[in-house]
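To start, the structure itself, in structure tokens.
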Amino acid sequence: MATCTAPGKIYLFGEHAVVYGKRAIASAINLRTTATVAESAQTTITSSLGTTGIDYTVHPYISRCIESLGVPAVSVRIDSEILVGSGLGSSAAAVIATLGALNAEFDLGMTRTAIAATGHQIERDVQGAASPTDTLVSTMGGTVMITPWVSSSRLRLIECGIVIGDTEEFSSTKELVGNVRILHESYPVAMDSIFDTIDNLSELGVPLIENGDYRSVGELMNIDHGLLDAIGVGSAKLSAMVYAARDAGAYGAKITGAGGGGCIVALADDAGAVASAIDDTGGRAIITEASEPGVHVRK
Ligand code: MEV
């Protein structure tokens, strides 16, 4: 039997633009998914993800993990602290934890790079379009700058408080990426210039993160939120939480992930004050922090 745990993630900059090859900065967070696998007479998958009446199941992702590694029948159990369909990378964390556990159980000798690449392919197979961000960050951990399909580099770990505000509304990444694609097809020049600006925010963010200048990082996050609103992935609930977080002293606040429903993320020193302002809007606040470790075996 082998157990592996992998983190979820937040985007500081770059969701949606990253699907168009633009740079993004994301960070692993201390909300984790655990996969336990054991050789078994037949393959079974049990999961705490997607069992709350939401039309979502992690099973196709886990089945693809087993198929793509070509391992014998196994039982897989998934336990997760990451909310489903929230933009926090729940499916990527489940895939990466499962690949890590299968790697350990069957002594496959996969490197982290191979786990991240296999995980990305599985997300693309099941979900359609998917950037490498979620699977890469869940595998490697830390705060990471991603140039899709080219490179990634580790940045200084975010050291201030991270507050997530959850609308508790399921959001389909596939559907939102599809909506943005339709807008891009209708207005390619306008949309490309928004994606270029988001790319520039990621570039500007690197030295600010390295210097721990969270006030300036927050200002750029606020700009990114406006641009995400402009490409149609915002909502009144998301913006209410964003403005409440800023009013309560957050350095910055924005949608994280696909948008639509899902979550916002705020950086703050006084995480408690920001969390209670988010709660007051009717959202659900979670205080967390960046996670240096990515996927690892749990003894
Ligand atoms: C979803 O967490 C982030 C998107 O950029 C999609 C992706 O990167 O695959 C919207």
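Numbering of ligands and ligand atoms starts at 1, following listing order.
- Summarising the geometry, atom CZ belonging to Arg64 is positioned 10.5 Å from atom CG belonging to Leu99; distances are rounded to the nearest 0.5 Å.
- The environment of Arg112 atom CZ is dense: over 12 non-hydrogen atoms of other residues, nucleotides or ligands sit within 6.0 angstrom.
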Could you give the side-chain donor-acceptor pairs of residues 225-233 under 3.5 Å, partners two or more places apart or in another chain?
{"residue": "His225", "atom": "ND1", "partner": "Ile255", "partner atom": "N", "Å": "3.2"}
{"residue": "His225", "atom": "NE2", "partner": "Ser239", "partner atom": "OG", "Å": "3.2"}

Contacts under 3.5 angstrom, residues 188-196 side chains, donor-acceptor by atom type, not counting sequence neighbours:
{"residue": "Asp192", "atom": "OD1", "partner": "His184", "partner atom": "NE2", "Å": "2.7"}
{"residue": "Ser193", "atom": "OG", "partner": "Ala190", "partner atom": "O", "Å": "3.0"}
{"residue": "Asp196", "atom": "OD1", "partner": "Lys22", "partner atom": "NZ", "Å": "2.8"}

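- With hydrogens and angles left out, the side-chain atoms of Ser68 and Gln121 include no donor and acceptor closer than 3.5 Å.
- Each of Lys9, Tyr11, Glu15, His16, Val18, Val19, Ala130, Ser131, Asp134, Thr173, Val177, Gly257, Ala258 has a non-hydrogen atom positioned under 4.0 Å from some atom of ligand 1.
- For residues 245-293, no residue pair satisfies the ring-ring contact (aromatic ring centres under 6.0 Å, His included) rule, not counting sequence neighbours.
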